[in-house]
Amino acid sequence: MPYNKPPIPYTVLIVEDERVIAENILLVLEREGFVADIAPNAHAALYELEHGLYDLVLLDIGLPGMDGYQMLRTMRQELRLSTPVLLLTARTTLEDKLQGFTDGADDYLTKPFALEEVVMRTRALIRRSRQLSDTAFELHHGPLRYVVAEQLVTVEGRVLRLSRKSLMILELLLRYAGRVVPRQRLEDYLWQGEPPSTEAVRSQLHLLRKALHAQGYDGIETVHGIGWRLKPADAMATPPEP
């Protein structure tokens, strides 16, 4: 029977060296239900992107040291991240905009801007990148298929019955398939606050792994000291019989 569960909040990384602007964006995003972090420079932002999980980056071009264009190129070319990027800048020339899009930006917003427009564009970019609705969608990864609206999980077509917490963990792993889901992000989603014990999340993952293993799926990988992720789909492919 369907159950009511909290929505998975979308996460945004705000890369902005002007603290007042960054905090104003943070407040309005949190008010609208997003989870947001602030990075004051490109190096801090790249560290967060390597170790965290974000649905969108709000990126100021005029950063100290490494500017926004350089950071964007590093994201796309070195880290191979496809995370949507909304550029925020006081630069208004066509050349500046062309450079941003050439380097891999998804949208461009010039200062001064209305905070409501930041929220609107953030929602639109995330929705476009997901190609999902917030109420009914399907998630696929290798042999796994999850019809979220029906809470129906199958492994190579075989229906799998899971507990509420197991479904929540699986949905988060599937939505970020191939990326590491940090322990803190998983705990926040499962309990909306402090977990009941230090081993609570490991216990829930053990139950999920056990249920998936019974159907021949062992694709949840522990990234020690960080969190968990689904193995690449091709790594789970069944080798052909000789």
Side-chain angles (χ1 to χ4, degrees), residues 7-18 21-22 24-134 137-141 172 174-181 185:
I8 299 175
Y10 290 119
T11 54
V12 178
L13 180 61
I14 304 164
V15 190
E16 170 62 69
D17 64 314
E18 294 188 40
I21 294 176
N24 285 339
I25 295 173
L26 176 74
L27 288 173
V28 73
L29 287 175
E30 289 183 339
R31 187 182 67 202
E32 294 296 323
F34 293 91
V35 173
D37 294 320
I38 296 173
N41 56 63
H43 294 291
L46 291 171
Y47 178 87
E48 293 296 333
L49 288 167
E50 283 192 89
H51 297 87
L53 202 63
Y54 295 95
D55 297 294
L56 182 115
V57 177
L58 294 174
L59 177 58
D60 179 36
I61 291 177
L63 296 171
M66 180 188 292
D67 68 14
Y69 294 135
Q70 292 173 290
M71 178 184 154
L72 187 52
R73 289 194 293 272
T74 301
M75 281 183 62
R76 300 303 191 219
Q77 298 172 17
E78 296 182 24
L79 300 184
R80 302 291 183 184
L81 293 176
S82 59
T83 310
V85 173
L86 171 58
L87 290 181
L88 306 176
T89 180
R91 305 180 189 181
T92 60
T93 68
L94 179 59
E95 289 76 14
D96 288 320
K97 295 179 181 180
L98 286 174
Q99 182 175 346
F101 288 121
T102 300
D103 289 337
D106 297 272
D107 201 356
Y108 199 105
L109 193 57
T110 56
K111 299 177 181 178
F113 47 74
L115 292 173
E116 292 76 9
E117 186 171 4
V118 174
V119 173
M120 178 182 67
R121 290 181 184 241
T122 295
R123 289 192 189 282
L125 284 174
I126 292 175
R127 184 168 57 247
R128 188 186 312 157
S129 70
R130 295 277 172 203
Q131 295 183 337
L132 304 170
S133 73
D134 290 331
F137 54 89
E138 296 183 9
L139 299 170
H140 301 265
H141 185 72
L172 200 57
L174 281 167
R175 282 186 63 166
Y176 300 100
R179 299 290 307 279
V180 178
V181 176
R185 180 82 189 276

Residues [X], [Y]: salt bridge by 4.0 Å N-O rule:
| X | Y | answer |
| --- | --- | --- |
| Arg73 | Glu78 | no |
| Asp106 | Arg127 | no |
| Glu116 | Arg121 | no |

Margin query: Could you walk me through whether Val35 and Glu30 satisfy the side-chain contact (heavy atoms from CB on, under 4.5 Å) test, starting with their C-alpha distance in whole Å, then the side-chain angles of each, then the deciding distance to 0.1 Å, before giving a yes or no?
Written below: CA-CA 6 Å; Val35 173; Glu30 289 183 339; over 6 Å; no
Which heavy-atom pair separates [X] from [Y] by the least distance, and what is that distance?
| X | Y | result |
| --- | --- | --- |
| Ala45 | Met71 | CB-CE, 3.5 Å |
| Asp103 | Arg76 | O-CG, 3.6 Å |
| Arg179 | Thr83 | NH1-OG1, 4.1 Å |
| Leu87 | Leu72 | CD2-CD2, 4.4 Å |

Distance, nearest 0.5 Å, that separates [atom1] of [X] from [atom2] of [Y]:
| X | Y | atom1 | atom2 | answer |
| --- | --- | --- | --- | --- |
| Leu109 | Leu59 | CG | CG | 12.5 Å |
| Leu63 | Gln70 | CG | CD | 9.5 Å |
| Glu32 | Leu115 | CD | CG | 10.5 Å |
| Asn41 | Asp60 | CG | CG | 11.5 Å |
| Ile61 | Thr89 | CD1 | OG1 | 4.0 Å |
| Glu50 | Leu81 | CD | CG | 8.0 Å |

So do the side chains of [X] and [Y] get within less than 4.5 Å of each other, counting heavy atoms only?
| X | Y | answer |
| --- | --- | --- |
| Leu49 | Leu13 | yes |
| Arg31 | Val28 | yes |
| Leu125 | Asp55 | no |
| Phe113 | Ile25 | yes |
| Met66 | Leu46 | yes |
| Val85 | Leu56 | no |
| Thr122 | Phe34 | yes |
| Lys111 | Glu18 | yes |

Notebook entry, point to check: Is a donor on one side and an acceptor on the other found under 3.5 Å between the side chain of Thr11 and the backbone of Ala36?
Noted result: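 Not at all, since once roles are kept as given, no pair shorter than 3.5 Å links the two residues.
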Next item on the list: Dump the intermediate steps for side-chain contact (heavy atoms from CB on, under 4.5 Å) on Ile14 and Leu29, then the final yes or no.
Entry: CA-CA 10 Å; Ile14 304 164; Leu29 287 175; 4.1 Å; yes
Checklist line | CA sep, side-chain torsions, deciding dist, call: Arg185, Tyr176, side-chain contact (heavy atoms from CB on, under 4.5 Å) | finding: CA-CA 12 Å; Arg185 180 82 189 276; Tyr176 300 100; 3.3 Å; yes
Check: For Tyr108 and Asp96, does a side-chain donor sit closer than 3.5 Å to a side-chain acceptor?
Finding: no
